[in-house]
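Both counts, for ligands and for their atoms, begin at 1 and track the order of listing. Values below: every heavy atom of this structure, side chains too, minus hydrogens, waters and symmetry copies. On a predicted model such as this, the values are computed, not experimentally measured, just so you know. Residue numbers start at 1 and run along the sequence shown.
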Amino acid sequence: MDAITLAGVTKRFGDVVALDDVSLGFGAHLITGLVGRNGAGKSTLLDLAAGRSHVTKGTIRVLGHEPFENRRVLADVCAVTESQPFPARFSVDAVLFGARLLQPRWDRRLADDLVDLFALRRRQTVGKLSRGQRSSLGVVIALASRAPVTILDEPYVGLDAVARRLFYDRLLEEVVAEPRTVIFSSHLIDEIAHLLDHLVLLDRGRVILDAPTDEVRESVVEVSGPRVLVDAYAADLPILARADLGGVSRVTVRGASAHRAAACGLTVRALPLQDVLVALSTPHPGAPVEPIAAVAS
Ligand SMILES: Nc1ncnc2c1ncn2[C@@H]1O[C@H](COP(=O)(O)OP(=O)(O)OP(=O)(O)O)[C@@H](O)[C@H]1O
């Protein structure tokens, strides 16, 4: 079952089409990674889901309801973004108090625990927090909200590697203990890959991939060997990237059978998830990629 559905959603800002006829479902109780290049439309989609803006065309439903300025839905949603607009004069404690009022499932004990974990000072005003500390505050709110729909739009900006790891570990712990629907928009794909059940890749406002993370990993591999063998093997496959050196070729292909490639005397290498997504976002000029959503979903 999907917690969030979009049907034929278009979002325009004047001449800019930020989302172009997007139809998509975000599975309930899954962590979905929302990825794509700068300007792909990720934040626009998340703002719609968080009820912060309305669609130009189409319909969006969050837990079955239209989210825009809908208080009933918004009590079930916690959205934390990179540029969280906490009032500068508020103390950490005051911001947490405000969040508690907005989030009916707020877990005070968890919030206290996380404030200590991220070494936030309760009386410090937001204006005096470092960028990473502000992100920590956003992370505390996202986790302690226990919101059935939790939206994370690059929530870690400025967090150091240790703090990011603490955040990922706690997110996983919390989701395992009490399942919730999470959408996590990120450019640090390999760093969060282990968290993700599902992936949605946007490209210029369109969905070009919508599939379980494991399927995405297996869908694209690198095959290398003598050029004639590689050419024969990859003749019918979509080639996403290619490098030739002398008589040796290396191609990134979608839909390869590792077994058949090995039987042809070729070397098959699995790619890091980030490389798979980069390959899908930047197709080889000679072989345009058709949307994988149709294949994978
Ligand atoms: N308020 C706005 N007014 C005008 N154009 C906008 C507005 N918000 C977004 N856009 C445009 O919509 C497109 C999608 O932007 P969006 O912020 O959703 O991308 P993104 O995928 O989140 O990018 P990034 O990874 O850089 O954060 C971009 O072309 C952007 O310039």
Would you say Leu30 ends up clustered with Leu209 if hydrophobic residues are merged whenever their side chains have heavy atoms under 4.5 Å apart, either directly or through other cluster members? no

Do me a favour and list the nearest non-hydrogen protein atom to atom 26 (O) of ligand 1 with residue, atom name and distance? Asn38 ND2, 2.9 Å

Under 4.0 Å to a heavy atom of Arg37 - the qualifying atoms of ligand 1, by number: 21 (O)

For atom 29 (O) of ligand 1, which protein heavy atom lies nearest, and how many Å away is it? Val16 CG1, 3.7 Å

Are any of the side-chain heavy atoms of Leu137 and Phe118 separated by less than 4.5 Å? no

Protein heavy atom at shortest distance from atom 17 (O) of ligand 1: Ser43 CB, 3.7 Å

Near Thr44 (heavy-atom distance under 4.0 Å), the atoms of ligand 1 are 14 (C), 15 (O), 16 (P), 18 (O)

Short side-chain donor-acceptor distance under 3.5 Å, Arg37 and Ser281: no

Among all the protein's non-hydrogen atoms, which is closest to atom 4 (C) of ligand 1, and how far away is it? Phe13 CB, 3.3 Å

Can you tell me if Gly41 has a non-hydrogen atom under 4.0 Å from ligand 1? yes

Closest to atom 14 (C) of ligand 1 among protein heavy atoms sits Gly39 O, 3.4 Å

Got a sec: does the CZ of Arg217 have more than 12 other heavy atoms crowding it under 6.0 Å? yes

Anything under 3.5 Å between a donor and an acceptor, one on a side chain of residues 47-66, the other on a protein residue two or more places apart or in another chain? List them.
| unit_1 | atom_1 | unit_2 | atom_2 | d |
| --- | --- | --- | --- | --- |
| Arg52 | NH2 | Ala79 | O | 3.4 |
| Thr56 | OG1 | Arg12 | N | 2.9 |
| His65 | NE2 | Arg72 | NH2 | 3.1 |
| Glu66 | OE2 | Phe68 | N | 3.0 |

Between Asp93 and Arg100, is there a salt bridge with N-O shorter than 4.0 Å? no

Quick check against the 3.5 Å criterion: does His198 have a side-chain atom that pairs as donor or acceptor with the backbone of Ala211? yes

Contacting atoms of ligand 1, where contact means under 4.0 angstrom from a heavy atom of His187: 25 (O)

Just jot down the ligand 1 atoms closer than 4.0 angstrom to any heavy atom of Glu154, in number order. 27 (O)

Taking atom types as modelled and ignoring hydrogens, do the side chains of Thr10 and Asp21 form a donor-acceptor contact shorter than 3.5 angstrom? no

Relative to the heavy atoms of Ala40, which atoms of ligand 1 are at a distance of less than 4.0 Å? 19 (O), 20 (P), 21 (O)

Which of the ligand 1 atoms, numbered from 1, are nearer than 4.0 Å to a heavy atom of Ala18: 12 (O), 13 (C), 14 (C)

Write out the residue and atom name of the closest protein heavy atom to atom 25 (O) of ligand 1, then the distance separating them to 0.1 Å. Lys42 NZ, 2.7 Å

Is there a protein heavy atom at a distance of less than 4.0 Å from atom 6 (C) of ligand 1? yes

Is it possible for you to say whether Val248 and Leu229 belong to one hydrophobic cluster, with membership spreading through side-chain heavy-atom contacts below 4.5 Å? no

